[in-house]
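A quick note: this is a predicted structure, and the numbers were derived from the prediction, not measured.
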Amino acid sequence: MSDQVEYNPQAIEAKWQKEWEARRTFEADPDPGRPKYYLLEMLPYPSGTLHMGHMRNYAIGDAVARFKFMRGFNVLHPLGWDSFGLPAENAALQHNIHPREWTNSNIAQMKAVCRRFGFSYDWRREISTCEPEYYRWNQWFFLRMYERGLALRKRSKVNWCPQCQTVLANEQVVDGCCWRHEDTPVESKELEQWFLRITDYSDRLLEDMNQLEGGWPARVLTMQRNWIGKSTGARVRFPVAGDRSRSLEVFTTRIDTIYGATALLVAPDHPLLPGLFAGRPDRDVLEASWNRMRRHILRPAELAAEKTGFDTGALVENPFSGERLPVWVANFVLSEYGTGAVMCVPAHDQRDFEFCRKYGLPVRVVVQPPGATLRGETLEAATSEYGRLADSGPYTGLASEEALGRMAADAAKGGFGGPETTYRLRDWGISRQRYWGTPIPIVYCGSCGAVPVPDDHLPVLLPAAVAVAAGGRSPLANVPEFVNTTCPKCARPARRETDTMDTFVDSSWYFYRYTDPRNDRAPFDPAAARHWFPIDQYIGGIEHAILHLIYSRFFCKMMRDLGLVDHAEPVLRLFSQGMVLKGGVAMSKSRGNVVPAMDVAERYGCDTGRVYMLFAAPPDKDLEWSDQSIEGCSRFLSRVFRLVDRHSRQSQASPANRSPAAGASPYTDAERALLRKTHQTLRRVTDDFEGRWHFNPSLAAVMKLVNEFYGREPLEECARAQVIQLCLERLTQMLAPFAPHLADELWEMLGHLGGLAHGPWPAYDPELATEDEFQVVVQINGRVRGHIVVEGGLADQELVRRALADPKVASFLEGKQVMKTVVVPDKLVNIVVR
RNA sequence: GCGGAAGUGGCGGAACUGGCAGACGCUCAGGACUUAGGAUCCUGUGGCCGAAAGGCCUUGUGGGUUCGACUCCCACCUUCCGCACCA
């Protein structure tokens, strides 16, 4: 047709976005009549521009959200901004702009991109964590934790990033460097800091992971388990020889090997060391070695590859054997884990083995692995296998498994130890010496000490006029109007805490706020949370596997203890999407390899961008950006547009053709074939959304269906217009989650009003989707030798008979003897010959 | 070192519980339409042999199980990710 209209994504997209907004299409409120579905993508940090790396996350989420909308779910799909954080302060320093201004202008830009992509967010629920209306509840939660002893101030060794000029939580240290500055080794400092006692929840965090099995990626669960690092063993106290009032404690998971201990090793910064040196003639020499080693240890980035140590000259007594053991300082013993001291069993621990071989300490085998008789003198490596105890006093002959329990119990009986469980997880240090964060609601009073700010004084407002400077202490300390206050208890002059909270506090509970975003009396209404929670599907990057995802699980449990929520886990299902790469590396502003999302929308339209994100790779794998591939997706959408356009013009000429074909005369073969392909594709796409989320082959199937229509041109000669109409309607519906704007436009072209956002998602007709003819592969000795076409459901013998009758197959069988036949109904016949 | 994931055409990737390897897209080639085509439509496109029919080879490597293996088992190689003195 000469007056063919071309696909104009920009016009179509603007039209439907306006329409959706006017109709409040994606606003969701509790509705007892429909099942709820809470779908969430991790909230973005407003860094400036949204690039296609970000968009992948939202394209996946939006496809699922729209599918659920179409299926009749009441979908809660919100978005907000993780808007506190250091980059805003850096921008302030570099461009002399206030962090708030920088942040808000970024939010405006990014929101414009999200709107340009037409995502199905309920914007009424938008939140921004840097607003007092939000962060006052961070303070409120802090106070509730303070009341319960879950927020506490303590002096401890903390990680210090010299770039950020602030403290980092353990979770924020990656390979000994800052998570934001991968080349900057973290330093160690002793500071007084606020901590949240996440360690009180170690066991619950671990146990409740059973509820997440299957719904969360296995590797995330593994990473969290390793991070919590539970290990069960025993604590044993070794008295100092000659002074039984003093002792050194060790933690061990292998108390069954204790008769093989030939030394006791302590960490270089063990608190009892100075006491051991005191009064010794060689004290100066010892302290010199000690200081050398400590300097090294204080820089965790320079982890020594080689084990070193020195003999303190002190002796302790093995409480089991009475044997005297030398006390050594060893650089590989960690002061933060266990008791900061270990028993050294060289025969059964590789680290101890290397240490003892280096320094000539004896090696003694006290557990013989099954079927072995090892000797310490000739041992080439430690053996950590369980076995039978040897040379172990009264325990000799016991199996390791049994000895572990019995010896720990005996240590308890003897009053020198007992069973113990340790964790790797440390308390969460939340103090940050930075400006752009939530002020910690504490006041220091000369007479009352640390006093919590009363609830009715919240929020403690972050002052606007602050000279942001990196100087190792919080910029807030330089704002007298902020610092100087009065004690809430005694009304005397007092000083405010000037550190702000780690921004991971903000993101630990934000998804509850979405359920009741404007509440000014509580963080949220428990009833609203109860309605929407738990989150049915959470989507985000793997980089939060332990940071955000363990903190928010902790918050949920804490909130449950406060009576705010009634579930143990906030997120039922988690999906980690792959990264978008360009030139083999992740797209990022700092690498300068980003493809701005707005560029894609302007050039191809956002529907094309979305389809490309879902088509180019499975959603959990990394995706390499390709300018050529996205062209292909653009072409595909144009093809669909032209197909429907042509059909709708013809229908307009004779509107009767629009009436449904149901009840019409039986379908012709060509019509059946068209309907069959359509319903097969529909089945595939439906199953995929409900199951594996392999959108790439799903979209491939839709493309194939479109090719099918093109291959039958001119369509109207092979099928009645009503049948074509029916098939195109299904095609349009199944395209809707992927290319929603185009789908709504096509839906209108097909004569329907109001778009497809709320469905319906069509049910596929199993009858129509069934093949009535099958192409059966005929193999001879496993090699394909022919094909036969048969009707479905043939008996095995009949299938074999027809296979043997095929002339081509027969020619291969000449002079051969059939040994056996294998039949897969409707699929395959394999003839085994000799 | 330990744990996990992965390895398929020129490229991105399909192949669900073992059953025609390479769907779909990109690239490239040819054709049609056209004043024109970098638009559109059609055809072809893993390698080798062959004019063709057809045959042989091919899913990191080597073995095994099976009528039949990308898929299961064993060993090895490579890449990526996580943990890494956690006692």
Engineer: Using a heavy-atom cut-off of 4.0 Å across all strands, would you classify A:Val822 as base, sugar-phosphate, or nothing?
Structural biologist: base
Engineer: When rounded to the nearest Å, what value does the distance between C1' atoms of B:G37 and B:G31 take?
Structural biologist: 15 Å
Engineer: Compare the minimum distances between each of B:C41, B:A15, B:G12 and the side chain of A:Ala616, then state the nucleotide with the smallest one.
Structural biologist: B:G12
Engineer: Looking at the base of B:C83, is there any donor atom on it, or on the side chain of A:Asn226, that sits under 3.5 Å from an acceptor on the other one?
Structural biologist: no
Engineer: Could you give the distance separating B:U58 and B:G47 at their P atoms, to the nearest angstrom?
Structural biologist: 16 Å
Engineer: With both distances under 3.5 Å as the test, what is the Watson-Crick or G-U wobble partner of B:G7?
Structural biologist: B:C77
Engineer: Can you tell me, in whole Å, how much space there is between the P of B:A39 and that of B:U27?
Structural biologist: 9 Å
Engineer: Is there, by distance only and without an angle test, a donor paired with an acceptor across the side chain of A:Lys827 and the base of B:C20 below 3.5 Å?
Structural biologist: no
Engineer: Assign A:Asp352 to base, sugar-phosphate, or nothing according to its heavy-atom contacts below 4.0 angstrom with the strands shown.
Structural biologist: nothing
Engineer: Round to a whole Å and report the spacing from CG of A:Leu699 to C1' of B:G13.
Structural biologist: 13 Å
Engineer: So what does A:Thr252 hit on the nucleic acid, given a heavy-atom distance under 4.0 Å: a base, only sugar-phosphate, or nothing?
Structural biologist: sugar-phosphate
Engineer: Any strand counts, and the cut-off is 3.5 Å on both contacts for Watson-Crick or G-U wobble. Which nucleotide pairs with B:C41?
Structural biologist: B:G31
Engineer: Classify A:Thr222 by what it touches in the nucleic acid, base, sugar-phosphate, or nothing, heavy-atom distance under 4.0 Å.
Structural biologist: nothing
Engineer: Going from NZ on A:Lys582 to OG on A:Ser588, what distance comes out if it is rounded to the nearest 0.5 angstrom?
Structural biologist: 12.0 Å
Engineer: Return the orientation label for the A:Phe355 and A:Phe332 ring planes: parallel under 30°, perpendicular over 60°, tilted otherwise.
Structural biologist: perpendicular
Engineer: In the structure shown, which nucleotide is the Watson-Crick or G-U wobble counterpart of B:U59, with both distances under 3.5 Å?
Structural biologist: none
Engineer: Partner lookup for B:C72, please. Criteria are Watson-Crick or G-U wobble with both distances under 3.5 angstrom; report none if nothing qualifies.
Structural biologist: B:G64
Engineer: Applying the Watson-Crick and G-U wobble criteria at under 3.5 Å, what pairs with B:G18? Answer none if nothing qualifies.
Structural biologist: none
Engineer: Given that both distances must come in under 3.5 Å, which nucleotide forms a Watson-Crick or G-U wobble pair with B:A53?
Structural biologist: none
Engineer: Report yes if a donor N or O on one partner sits less than 3.5 Å from an acceptor N or O on the other, where the partners are the side chain of A:Gln779 and the base of B:G19; otherwise report no.
Structural biologist: yes
Engineer: Apply the side chain to side chain donor-acceptor pair (under 3.5 Å) test between A:Ser231 and each candidate in A:Thr252, A:Thr253, A:Thr422; give the one that qualifies.
Structural biologist: A:Thr422
Engineer: From the set B:C26, B:C81, B:G12, return the single nucleotide nearest to any side-chain atom of A:Phe615.
Structural biologist: B:G12
Engineer: Choose from B:U40, B:C67, B:A87 the nucleotide whose nearest atom is closest to any side-chain atom of A:Ser231.
Structural biologist: B:A87
Engineer: Taking salt bridge (Lys or Arg N to Asp or Glu O under 4.0 Å) as the definition, give me every residue that meets it alongside A:Arg730, ordered by chain and number, with sequence neighbours left out.
Structural biologist: none
Engineer: For the pair made of CZ in A:Arg785 and P in B:G19, what is the distance, rounded to whole Å?
Structural biologist: 20 Å
Engineer: Looking across every strand, which nucleic acid part, if any, lies under 4.0 Å from A:Asp687 by heavy atom: base, sugar-phosphate, or nothing?
Structural biologist: nothing
Engineer: Is any side-chain nitrogen or oxygen of A:Arg692 closer than 4.0 Å to OP1 or OP2 of B:U17?
Structural biologist: no
Engineer: Which whole number of Å gives the distance between the C1' atom of B:C24 and that of B:A84?
Structural biologist: 43 Å
Engineer: Side chain of A:Arg424 only, heavy atoms from C-beta on: which candidate in B:C24, B:A84, B:C42 is closest?
Structural biologist: B:A84
Engineer: Just by distance, no angles: are the side chains of A:Asn226 and A:Arg424 close enough, under 3.5 Å, to form a donor-acceptor pair?
Structural biologist: no
Engineer: Name the nucleic acid region contacted by A:Gln775, choosing base, sugar-phosphate or nothing; use a 4.0 angstrom heavy-atom cut-off, strictly under.
Structural biologist: base
Engineer: Once rounded to the nearest 0.5 Å, what's the spacing between atom NE2 of A:His348 and atom OG of A:Ser384?
Structural biologist: 9.5 Å
Engineer: Quick one: is B:U27 close enough that its OP1 or OP2 comes under 4.0 Å of any side-chain N or O from A:Arg635?
Structural biologist: yes
Engineer: Decide, for B:G9, between syn and anti: a glycosidic angle within 90° of 0 counts as syn, anything else as anti.
Structural biologist: syn
Engineer: A:Phe812 near the nucleic acid: base, sugar-phosphate alone, or nothing, with a heavy-atom cut-off under 4.0 Å?
Structural biologist: sugar-phosphate
Engineer: Nearest whole angstrom, please: distance from the P of B:G25 to the NZ of A:Lys704.
Structural biologist: 9 Å
Engineer: Can you confirm whether more than 12 heavy atoms, excluding those of A:Lys827, are under 6.0 Å from its NZ atom?
Structural biologist: no
Engineer: Of the nucleotides B:A87, B:A15, B:C67, which has the atom closest to the A:Val342 side chain?
Structural biologist: B:A87
Engineer: Check the distance between B:U79's P and A:Glu624's CD and give it to me in whole angstrom.
Structural biologist: 19 Å
Engineer: Could you measure between the two C1' atoms, the one in B:G3 and the one in B:C86, and give it in whole Å?
Structural biologist: 15 Å
Engineer: Check the phosphate of B:G19 against A:Asn830, side-chain N and O only, distance under 4.0 Å to OP1 or OP2. Yes or no?
Structural biologist: no
Engineer: Answer with base, sugar-phosphate or nothing: what part of the nucleic acid does A:Val832 contact at a heavy-atom distance below 4.0 Å?
Structural biologist: sugar-phosphate
Engineer: In this structure, how many angstroms lie between the P atom of B:G68 and the CE atom of A:Met819, rounded?
Structural biologist: 13 Å
Engineer: Given B:A84, B:C26, B:C67, identify the nucleotide with an atom nearest to the side chain of A:Gln628.
Structural biologist: B:C26
Engineer: Roughly, in whole Å, what's the span from CD1 in A:Ile780 to P in B:G68?
Structural biologist: 15 Å
Engineer: Which whole-number value in Å describes the distance from A:His787 NE2 to B:G19 C1'?
Structural biologist: 12 Å
Engineer: Distance alone, cut at 3.5 Å: any donor-acceptor contact between the side chains of A:Glu631 and A:Tyr604?
Structural biologist: yes
Engineer: Rounding to the closest angstrom, what is the interatomic distance between B:C48 and B:G4 at atom C1'?
Structural biologist: 39 Å
Engineer: Base, sugar-phosphate, or nothing for A:Gly632, non-hydrogen atoms under 4.0 angstrom?
Structural biologist: sugar-phosphate
Engineer: So which nucleotide does B:C2 pair with, by the Watson-Crick or G-U wobble rule with both distances under 3.5 Å?
Structural biologist: B:G82
Engineer: Could you tell me how the ring of A:Phe738 sits relative to the ring of A:Phe695: parallel (under 30°), tilted (30 to 60°) or perpendicular (over 60°)?
Structural biologist: perpendicular
Engineer: Any idea which of B:A84, B:C26, B:G19 is nearest the A:Ser629 side chain?
Structural biologist: B:C26
Engineer: Which whole-number value in Å describes the distance from A:Asp620 CG to B:G82 C1'?
Structural biologist: 17 Å
Engineer: On a plain distance test, is the side chain of A:His694 in donor-acceptor contact with the base of B:C16 below 3.5 Å?
Structural biologist: no
Engineer: Between B:G19, B:C24, B:A87, which one does the side chain of A:Phe251 approach most closely?
Structural biologist: B:A87
Engineer: Pick the C1' atom in B:A5 and in B:G9, then give their distance to the nearest Å.
Structural biologist: 24 Å
Engineer: Using a heavy-atom cut-off of under 4.0 Å over every strand shown, decide if A:Tyr423 touches base, sugar-phosphate, or nothing.
Structural biologist: nothing
Engineer: What's the closest nucleotide to the A:Met223 side chain, out of B:A23, B:G82, B:C85?
Structural biologist: B:G82
Engineer: Is it the case that the side chains of A:Asp203 and A:Tyr423 hold a donor-acceptor pair, with the cut-off being a distance below 3.5 Å and no angle test?
Structural biologist: yes
Engineer: Of the listed nucleotides (B:G25, B:A87, B:C83), which one gets closest to any side-chain atom of A:Met703?
Structural biologist: B:G25
Engineer: Is the shortest side-chain N/O distance from A:Arg783 to OP1 or OP2 of B:C57 below 4.0 Å?
Structural biologist: yes
Engineer: Please give the distance between the C1' atoms of B:U78 and B:C57 as a whole number of Å.
Structural biologist: 24 Å
